[in-house]
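Keep in mind that what you see is a predicted model, and the values were worked out from it rather than measured.
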Amino acid sequence: MGIETWITSDGRVYFVRLHEISEPEDRASESLEDDGQVLARSEDFFQDETRHRLSLDSVSTAHSHQGWRGTCVHDFETPRWVQKQRRIDPDEPLYMRNRIYEEPRRAMAIAINGKFSFIAIGTFSGGLEFTNFPSQDGVTPKSKTIQVPNPYSRVTGEVCALEWSSDGYVLAVGWRHGWGIFSVGGRCLASGFGVDDLVDEDRFQDAFMYGVRNLDNTRYAFLQMDDRALVYRGADQPDMSVINPEADVWQHIKIPQSYLATNWPIQYSSLSNDGRLIAIAGRRGLIHYSSTSGRWKMFNDEQQEQAFIVKGGLLWFHHVLIAAVQVSKTYQIRLYSRDMELSNQNVLYREVVPSQVVILSLVDNSLLVYTADNTLYHFLIVPTTETIKLHLCGSITFNGIISAPNAVRMLSWMIPSAQKQLGDPVDDMSVATVLMVVGGRLILLRPRKSANQEVKYDMQIFADRVEFCWIHLRGIGTLENSLWGYDGQGIRVWLNALTIEAPQQREKDGDEPENVKESVYISLDFYPLCMFYLSYSQPLLTCEAAVLMDKGIIIGAEHEAATRSNLSFVMFRHATSSHLFLHHILHFLLGNRQVKEAVTFASHYKDLIYFAHALEVLLHTVVESEATSESESDSEDGEIASDAVLPIVVEFLDHFDAALDVVVGCARKTELTRWRRLFSIVGNAKSLFETCLATQRLKTAGSYLLVLHNLEQLDENNDDAVRLLQKAVDGKDWQLCRELLRFLHSVDDTGTALRTALSKTNVVSFIENDSEVSSNSSGSP
């Protein structure tokens, strides 16, 4: 990249480049007479005199020389008491004389992430910070402090080493007393500061658990599986298996050793939309696998395999594999069929492109190809009677918009609905909104036509430090054309990204551009599966795999480490986690008074076994948030604010049969002080109890009985409980009968209520008769 980062002796970090500097001859001669080392921070210009002298030997004139110019990207204020520290008094005690101030933010290690355009900085106090590259406009970058999980407050020591993986997605951190692995967005994937259990110090081999001083041998050691692929199969299993962390939802697929022996490490991998087909590419060639047949297909001719390198990506279009390859000094896009053997003779189609492919993207039957010369090509995939081919629809250059083509990490586009339904796909490029992740920055390029019908793009920045993103182009109501992005801590969702307006312009040239506020933010305690790495260059699982749209769930993984006293090593494994996103989307819609849209969206999920639970979480969230806001504003008791969301939520719940269960389930998980306000909006608890009785929802009515008791709305004779008990006896729901009898015993220590209920319902004789019938039935031949 032609840049360097320097750590100065005072712990500051500078981002520098070597520049040609012209100056008068007398000044050049004066600079040669300077002694020592000069560092000028004013106007973001500084020089290292030793380097400066070395560069002067190679210049031909005295009027120009090379100098280092750059920006301080990691600065801090030294406390005043340190700045004003007086000279040491000879008569001062020794412990006072040896006082040395250690700046906690003093930089100890740095690592440049050229793929995402920022720097990782490790400090003396053990802190970790991410700082963007300084912009060409001279805007001082803002640093982001990364949270280092340390639940037992163990001593970490200073950061000793930092190293990014070759793809820029994973950072390895070595502390004096521990280690850690972080994603590019700042999520801690794994860490350790010592071991929790007693181990045999003489036999224990994993010394890295106690501290890491350098990372020279760890380039390929993190978050990858060198000899196999793991495919998530939870989406094909019942609903409860998806949310059960103990369920076996992974398929392990071994990569052939004959391919790994000559082509390790794995560079690219791809999974088809139906999860049946896998493609893998190492240093040379490629192979692919079908879960239907359980077979890998490889090149029979090794010379053909070794003749090309996959560069730019792999994609599946149904049973056709699309590969961007480099052959000698030319660049091609090749199409292979899964049904045919791998060989040069069986290539379905070849398309030569003038420059190396940076990234491939598939949108329906449109293939988007972005190349290193900053050009985007649009191909239509056209099946014919005998084969399949690519039809070039057009291309456009992004010169002046994208300054570093190799920093593009993700590419897609969105087509307006009118063009989808009525337009010619060949014309999609002129109306498409292009989505890119460039150096960790999520941007949208919106097209507009100039007076001469030339297409130009307006850039809209959505977010910084986005690890990955994807678009949900069609399908489930509100989520159509929604944009999802993961920032290291949670998922940001922009609903209907095509209609989002650009933010206000910057007031000053020096201000950073304002990001577009997301519609919904979903905090996660785990790492989404779509970036669960199986190779060091590309994720095997596509981003859509993180969100099971038809099940309303985000899937993720967490690491677990364990030690045993009789083992000389640490055991690591990953555990699957899940998070419902339904209530987040519904909360946003209802907060904007979009009840109709919320009902339509929720109707797609009403058959899920945990749908009622999702609605209960929604109601509980709204009840708690509004109760908290009311207590902070000191509003009058019982007064409902005009912008309250709870009445809208209750109106929404009335569209679903589970509403009565949702309300009582929420009440039983909420503080008693919230109940009066909840039922003042939902309806009188006694009326809801009667509704349950009338509709034969006896278990739900039993839950409302507890609510009535806590609200002191039960009569002295407990007639409501007796009526419910009688209906339970008539329906032979003996489990509910037992629970009601225990309830009556708990509300009246004298036993009068229980005896009265037993006499009125004669439940004991019913149970005995039912038991006799059951025993006779089992004993009959």
Glu467 and Arg409: CA distance, side-chain angles, deciding distance, salt bridge (charged side-chain N to carboxylate O under 4.0 Å, His left out) verdict
CA-CA 9 Å; Glu467 295 196 24; Arg409 309 300 295 164; over 6 Å; no

Could you tell me if the side chain of Leu435 sits less than 4.5 Å from the side chain of Phe462, heavy atoms only?
no

Would you call Lys669-Glu616 a salt bridge at under 4.0 Å N-O?
yes

If I take atom CD from residue Gln460 and atom CZ from residue Arg446, how far apart are they, to the nearest 0.5 angstrom?
4.0 Å

Return yes when atom CD of Gln147 has more than 12 non-hydrogen atoms of other residues, nucleotides or ligands closer than 6.0 Å, and no otherwise.
no

Less than 4.5 Å apart, side chain to side chain, heavy atoms only: is that true for Arg492 and Ile522?
no

Taking C-beta and beyond as the side chain, do Phe689 and Arg723 meet within less than 4.5 Å on heavy atoms?
yes

Do you know which of Thr691, Asp661, Thr695 makes side-chain hydrogen bond (donor to acceptor under 3.5 Å, both in side chains) with Thr700?
Asp661

Restricting to salt bridge (Lys or Arg N to Asp or Glu O under 4.0 Å), what partner residues turn up for Arg676, sequence neighbours left out?
none

Examine distances only and state if a side-chain atom of Asp733 and a backbone atom of Ala728 form a donor-acceptor pair shorter than 3.5 Å.
no

Return yes if some donor-acceptor pair links the side-chain N/O of Asn718 with the main-chain N/O of Ala721 below 3.5 Å, else return no.
no

Does atom CG (Asp657) have a neighbourhood of more than 12 heavy atoms from anything else shown, all under 6.0 Å?
no

Donor-acceptor contact present, side-chain Arg187 to main-chain Leu524, <3.5 Å:
yes

Is there a donor-acceptor pair closer than 3.5 Å between any side-chain N or O of Asn592 and the backbone N or O of Gln594?
no

Report yes if some heavy atom in the side chain of Gln696 is under 4.5 Å from a heavy atom in the side chain of Leu698; otherwise report no.
yes

Side chains of His709 and Phe743 in contact at under 4.5 Å (non-hydrogen atoms):
yes

Thr433: what forms a side chain to side chain donor-acceptor pair (under 3.5 Å) with it, not counting sequence neighbours?
none

Compare every heavy atom of Ser519 with every heavy atom of Leu495, then report the nearest pair and how far apart it is.
N-OG, 3.1 Å

Apply side-chain contact (heavy atoms from CB on, under 4.5 Å) to residues Val516 and Leu442 and explain how you reach the verdict.
CA-CA 10 Å; Val516 177; Leu442 175 59; over 6 Å; no

What closest approach, in Å, do His583 and Ala614 show between heavy atoms, and which atom pair accounts for it?
CB-O, 3.7 Å

State the CG-CH2 distance between Leu736 and Trp734, to the nearest 0.5 angstrom.
11.0 Å

Nearest 0.5 angstrom please: Leu744 CG to Thr756 OG1, how far?
9.0 Å

Per the ring-ring contact (aromatic ring centres under 6.0 Å, His included) rule, which among Phe468, Tyr521, Tyr169, Phe526 passes with Tyr486?
Phe468

Under the 3.5 angstrom rule, does the side chain of Ser578 hit a backbone N or O of Ile553 as a donor-acceptor pair?
no

From CA spacing to verdict: side-chain contact (heavy atoms from CB on, under 4.5 Å), Phe130, Asn113
CA-CA 10 Å; Phe130 288 174; Asn113 189 330; over 6 Å; no

Begin from the C-alpha positions of Leu705 and Leu714 and carry the test side-chain contact (heavy atoms from CB on, under 4.5 Å) through to its verdict.
CA-CA 8 Å; Leu705 203 62; Leu714 286 176; 3.8 Å; yes

Can you name the closest pair of heavy atoms from Phe611 and Ala602 and give their distance?
CE1-O, 3.6 Å

Has Glu626 got a side-chain atom pairing as donor or acceptor with Leu646's backbone, closer than 3.5 angstrom?
yes

Under 3.5 Å, side chain of Trp675 to main-chain N/O of Asn710, donor-acceptor pair present?
no

Would you say Leu741 and Leu725 make side-chain contact, with heavy atoms under 4.5 Å?
yes

Test side-chain contact (heavy atoms from CB on, under 4.5 Å) on Val663 and Phe679 and set out the steps.
CA-CA 9 Å; Val663 171; Phe679 286 103; 4.0 Å; yes

Here the gap from Tyr605 atom OH to Leu586 atom CG, rounded to the nearest 0.5 Å, amounts to 9.5 Å

Considering all heavy atoms, the nearest Lys420-Glu480 contact
NZ-OE2, 4.5 Å

How close do Leu590 and Ala598 get, counting heavy atoms only, and between which atoms?
CD2-CB, 3.7 Å

Reported OG1-to-NE2 distance for the pair Thr621 and His587, which is rounded to 0.5 angstrom
7.0 Å

Taking Gly488's backbone N and O only, do any of them form a donor-acceptor pair with Arg465's side chain (distance below 3.5 Å, no angle check)?
no

How close do Lys144 and Asp487 get, heavy atom to heavy atom, and via which atoms?
NZ-O, 3.7 Å

Working to the nearest 0.5 Å, report the span between CD of Gln489 and OH of Tyr527.
10.5 Å

Is there side-chain contact between Glu690 and Asn684, with heavy atoms separated by less than 4.5 Å?
no

Do the non-hydrogen side-chain atoms of Leu128 and Leu171 ever get within less than 4.5 Å of each other?
yes

Using modelled atom types only, decide if a donor and an acceptor are shared between the side chain of Lys727 and the backbone of Ala694 within a distance under 3.5 Å.
no

